[in-house]
Amino acid sequence: MADFRIHDQFQIFPLDLFEDCYFDFYTLFPYIKKILLKFSKYFFILATFLYHSLAFSKTTENNNFNQRYLSNYFSALVSYKNGDNELAIKYFNSTKSILRDYPVYFDKYVNSLVIENKVKEAINQIKFFNSKNKINNFQANLLLTVDSLKNNKFNKVNDLLFDMEKVLIPSTYEQIIFQILKSYNQLFLDKKIHEINNYGKLSKILLAFQYCYLEDEKASNYFADLLNFESGDYSRYLFFYISNLISKSEFDTAKIVSLKIEPITSTLLILQTKSWVENNNFDNFSKIFTCKSENDILAEIFFLISNLYSSQEDYEMSNFYLNISNYLNPKFKFNLSLASENFYLMNKDLDLKKILKNFDDKDGIYYWYRIKKEFEILKETEGKEKSLSFLNAKLKNLKIQSPKIYFDLGNIYKGFKDYRKSIENYNIALNSINKDSDSYADILYRRGGSYERLKEFERADEDLLLALELNPDQPYVLNYLAYSWLERKINIDQSMQMLLKAYEQKQSDPYIIDSVGWAYYLTEDYDLAERFLKNALLIMPEDPVVNDHYGDVMWQLDMKLQARYYWNAALSSDEAEEKLIEDINNKLLFGLKNLQ
């Protein structure tokens with residue numbers, strides 16, 4: 001099969017459930033238990049709050065507490081728990097007169113402020129709180145430390161780190177952050193390397209920036225070493241490597257390095273780096289980052305921590321540390337693309353749109369990134385017509401010319417089944433890059449797929465075969481071309497060999513599994529066909545093509561009732577194409593053998 005992929009939080013019982021009925025306690029107990037479990041966390045918060053409130057009112061003459069605060073306070077906690085930090089702050093602010101008397105809740109207030117990118121306000125609140133109560137929370141200690149680092153009060157940082165060490169949780173990111181800040185603070189104080197060992201590649205990253213800060217020649221070597229790691233994506237450090245070269249006026253070397261940057265598959269930051277170097281915009285590097293700045297280096301460290309949390313799908317904490325990074329170095333606004341990805345994954349469209357507005361038409365590829373994200377939001381919320389209308393309007397005034405843009409447009413139009421327009425954009429992308437680029441074969445594969453959908457099989461085969469010539473073992477190209485041949489009932493034996501080669505590399509890919517099963521079906525090995533198609537069906541039970549294929553093999557195995565079941569399942573899919581629907585309806589009327 002060719003791969004064309006390019007709260008209910010509370011259960012409320014109806015009132016009439018209990019009408020004219022009598023339940024004793026034991027009958028109701030299971031329902032009561034279920035409700036209590038649902039609301040237990042909120043009951044705990046409420047009970048804790050009332051206990052502290054009563055104790056506070058009995059032991060002091062302070063009259064700050066008033067029952068009218070209870071609703072707002074409880075709403076603040078619920079909003080915080082639900083990730084609505086803007087609303088949480090609103091409710092927290094309405095109860096400020098009692099907020100600082102409850103450290104646990106104050107910590108949540110501070111976290112909400114930072115996540116809402118109000119880092120300075122959070123620090124000010126902590127300083128006021130700290131004048132009355134001793135801070136015993138890691139995040140609060142961290143923010144005070146960041147404030148001192150930002151203001152170059154490195155001697156004071158040592159005292160704050162002493163307090164931080166007492167409250168951190170060992171063997172967590174908190175301990176790593178503490179060790180990093182301790183090391184870098186000593187670096188800033190005595191201008192000597194302070195290595196942090198036992199953190200693997202992270203230790204090498206931290207050491208690279210220390211050498212860079214000291215303007216040591218070893219910095220370039222360390223950044224270059226990071227780029228040569230085989231596992232993981234460390235391409236980000238190519239920006240800092242080139243930035244370091246430019247700071248030493250090694251412009252020719254920077255240009256040679258930039259020529260090796262992939263023009264399509266590279267990350268946004270690296271594509272922007274390539275654009276700046278090619279256009280001799282060397283001054284732009286120091287405008288957003290310099291190793292001479294303690295704040296810039298620390299901001300990059302916190303960006304790295306933010307990335308770690310994002311990779312663990314803890315997007316709230318990722319944004320927490322990203323906002324600290326932005327507080328230290330607001331010039332590096334390209335880092336905000338991480339926040340936009342976090343908000344996208346959290347389905348927070350309003351926050352996402354707000355972040356995207358930071359990128360304008362002066363920001364090169366990042367402006368295209370903004371347009372594409374806004375297009376994707378519109379596509380999901382308003383549908384095809386409005387999203388395409390928005391995209392076309394933006395394209396008329398788009399100044400940047402990049403193969404990446406045409407590649408993305410090709411994929412967008414292909415996703416909308418406008419194969420002619422996808423081919424037009426793939427053509428421009430291909431003409432904009434070298435044939436030895438890693439992306440060249442990939443674009444041929446995608447363009448070949450568009451030709452195949454238009455039934456221009458000669459052109460499709462030409463592109464797909466050339467893609468295989470450039471990259472002979474690419475499993476998805478092998479699968480696509482072989483499946484296309486199977487559909488046309490040509491080159492069956494060669495298709496089988498190609499599919500088995502693809503399957504060896506991607507044994508869990510349902511599209512390739514389906515293709516292998518269909519190849520066995522066409523060679524009349526129905527038992528093997530059934531085994532593969534069943535596996536594909538287990539992974540993609542709602543896919544219309546897989547259901548259709550499995551129905552066919554059921555028919556051939558003389559399991560007519562099961563065959564009709566799977567054919568009907570294919571018909572019920574919203575993704576079934578007109579030709580498939582027509583074919584299945586004929587099979588349901590006349591049977592399979594009568595159509596062959």
Side-chain angles (χ1 to χ4, degrees), residues 3-6 117 262-275 310 313 315 318-319 322 333-433 439 442-443 445-447 449-451 453-454 574-575 577:
D3 180 0
F4 304 126
R5 288 173 293 178
I6 300 285
N117 204 22
E262 275 296 315
I264 289 176
T265 57
S266 296
T267 63
L268 292 173
L269 180 61
I270 302 309
L271 289 175
Q272 191 67 51
T273 299
K274 183 179 179 67
S275 175
S310 185
E313 299 182 8
Y315 305 120
S318 175
N319 286 341
L322 181 60
K333 67 177 181 179
F334 297 154
N335 285 345
L336 295 176
S337 60
L338 177 57
S340 70
E341 292 300 322
N342 288 343
F343 286 132
Y344 183 78
L345 293 167
M346 295 164 73
N347 296 313
K348 291 188 172 184
D349 287 352
L350 291 177
D351 292 309
L352 172 55
K353 290 177 182 178
K354 184 178 177 181
I355 284 290
L356 290 173
K357 288 180 180 178
N358 286 280
F359 307 127
D360 56 35
D361 58 0
K362 297 177 183 178
D363 293 321
I365 200 67
Y366 281 89
Y367 183 55
W368 167 244
Y369 169 79
R370 168 186 169 175
I371 292 171
K372 194 169 72 164
K373 279 295 181 189
E374 290 173 339
F375 159 77
E376 288 170 355
I377 295 170
L378 273 175
K379 184 177 70 173
E380 292 176 6
T381 57
E382 303 290 339
K384 174 182 176 180
E385 298 302 325
K386 285 192 176 180
S387 60
L388 274 179
S389 177
F390 164 83
L391 183 63
N392 290 328
K394 291 293 183 181
L395 289 173
K396 289 179 181 178
N397 300 313
L398 191 63
K399 298 176 183 177
I400 180 175
Q401 300 294 314
S402 167
K404 167 69 172 172
I405 295 175
Y406 295 109
F407 175 77
D408 289 343
L409 287 171
N411 294 336
I412 289 169
Y413 287 119
K414 189 174 184 179
F416 283 132
K417 300 182 180 180
D418 190 340
Y419 301 114
R420 287 291 173 207
K421 278 196 173 182
S422 76
I423 291 169
E424 289 174 10
N425 284 281
Y426 288 142
N427 287 341
I428 299 172
L430 280 171
N431 292 330
S432 304
I433 64 176
S439 303
D442 184 39
I443 301 174
Y445 158 56
R446 293 168 187 269
R447 188 177 70 175
S450 291
Y451 279 129
R453 300 305 289 164
L454 291 170
D574 293 334
E575 298 177 5
E577 297 185 355

State, to 0.1 Å, how close [X] and [Y] come at their nearest heavy-atom pair, and which atoms those are.
X    : Y    : value
L378 : K386 : CD1-O, 4.3 Å
D360 : R370 : CA-NH1, 4.5 Å
L322 : N335 : CD1-O, 3.8 Å
R446 : K414 : O-NZ, 2.9 Å
G364 : I400 : C-CD1, 3.4 Å
G410 : N425 : N-CB, 3.7 Å

(message) Tell me if the NZ atom of K333 is crowded by more than 12 foreign heavy atoms within 6.0 Å.
(response) yes
Rounded to the nearest 0.5 Å, what separation is found between the [atom1] atom of [X] and the [atom2] atom of [Y]?
X    : Y    : atom1 : atom2 : value
S310 : L345 : OG    : CG    : 7.0 Å
L352 : K354 : CG    : NZ    : 12.5 Å
N358 : S337 : CG    : OG    : 10.5 Å
N319 : D351 : CG    : CG    : 8.5 Å
L338 : L268 : CG    : CG    : 11.5 Å
I428 : I443 : CD1   : CD1   : 11.5 Å

(request) Apply side-chain contact (heavy atoms from CB on, under 4.5 Å) to Y369 and K404, showing your working. (result) CA-CA 10 Å; Y369 169 79; K404 167 69 172 172; over 6 Å; no
(request) Could you please spell out the steps behind the side-chain contact (heavy atoms from CB on, under 4.5 Å) verdict for L271 and Y366? (result) CA-CA 9 Å; L271 289 175; Y366 281 89; over 6 Å; no
With heavy-atom distances below 4.5 Å as the criterion, would you say the side chains of [X] and [Y] are in contact?
X    : Y    : value
E376 : Y344 : yes
S402 : W368 : no
L454 : I423 : yes

(request) Give the ring-plane orientation class for F359 versus F334, where under 30° counts as parallel, over 60° as perpendicular and anything between as tilted. (result) tilted
(message) Parallel, tilted or perpendicular: which one describes the rings of F375 and F416, with boundaries at 30° and 60°?
(response) perpendicular
(message) Please tell me whether Q401 and Y406 have a donor and an acceptor in their side chains that are separated by less than 3.5 angstrom.
(response) yes
When you measure from the side chain of [X] to the backbone of [Y], do you find a donor-acceptor pair of N or O atoms at a distance under 3.5 Å?
X    : Y    : result
D408 : I405 : no
S422 : Y419 : yes
S389 : E385 : no

(request) Test I365 against S275 for side-chain contact (heavy atoms from CB on, under 4.5 Å), laying out the working first. (result) CA-CA 9 Å; I365 200 67; S275 175; over 6 Å; no
(request) Could you please spell out the steps behind the side-chain contact (heavy atoms from CB on, under 4.5 Å) verdict for L409 and L395? (result) CA-CA 10 Å; L409 287 171; L395 289 173; 3.9 Å; yes
(message) What I want to find out is whether E374 reaches K357 closely enough, with some N-O distance under 4.0 Å, to be called a salt bridge.
(response) no
